[in-house]
Amino acid sequence: MVQTVAWIVSLIFMLLITAVFGFVAFKSKEKRDYEPIKKKWYKARTFYGATLVVVMLIITIYTLRELPYNQPVYGAGNDPTIVDVEAIQFGWKMSETEFKVGEPIEFHVTSTDVTHGFGIYDSELNLIAQTQAMPDYTNKVYITFDKPGTYDVLCLEYCGLAHHLMIGKIVITE
Ligand code: CUA
């Protein structure tokens, strides 16, 4: 749905740009006195420039106000399970790997050597959550699994010869 809308909007803009280019190309042979045109369009440029700045400012303030995005709201008596994750060439050290469906989990992800990528995949190998594992930083990923099963933790960043062997498992039960 979103893609269809994006495609239609893109198409409209493409047609619009083509029309403008066509118009300019068509009119480019005409000779006219430059000064009055210049004055008029300098004014328009100032107006549109200022409008753009104002509109962008409003959008920026409006969209940044909820930073950081996707902070979970757990509710009373529903504290998340904190799981410490350490990436190391070439494996994952996790303080816990078995969880329940519906259990809110916060993975606190770091690395002891180089930068890795912490990616959680479901059984069909769809990426369902990810963050970078960086030395001296702790990145958080919030997730609540809604299906039982075995999930793979794969490294998303090339980190050395055995990068492809960095595979961990998470088991979710009912
Ligand atoms: Cu760790 Cu790639």
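Here, residue 1 is the first one in the sequence, and each next residue gets the next number. Just so you know, these numbers come straight off a predicted model, no measurement behind them. Numbering of ligands and ligand atoms starts at 1, following listing order.
- Side-chain atoms of Glu157 and Thr115 form no donor-acceptor pair, as typed in the model, at a separation below 3.5 Å.
- A donor-acceptor contact shorter than 3.5 Å is absent between the side chain of Thr97 and the backbone of Val171.
- Of all protein N/O/S atoms, those under 2.8 Å from atom 2 (Cu) of ligand 1 are Cys155 SG, Glu157 O, Cys159 SG, His163 ND1, and waters are not counted.
- Using a 30° and 60° split on the angle between ring planes, Phe118 and Phe107 fall in the tilted class, from 30° to 60°.
- The stretch residues 55-64 participates, sequence neighbours left out, in no salt bridge (charged side-chain N to carboxylate O under 4.0 Å, His left out) pair at all.
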- request: Output, in order, the C-alpha distance, side-chain angles, deciding distance and verdict of side chain to side chain donor-acceptor pair (under 3.5 Å) for Glu86 and Thr110.
  value: CA-CA 5 Å; Glu86 242 180 61; Thr110 189; over 6 Å; no

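- Here Tyr151 and Tyr121 keep their ring centres 6.0 angstrom or further from each other.
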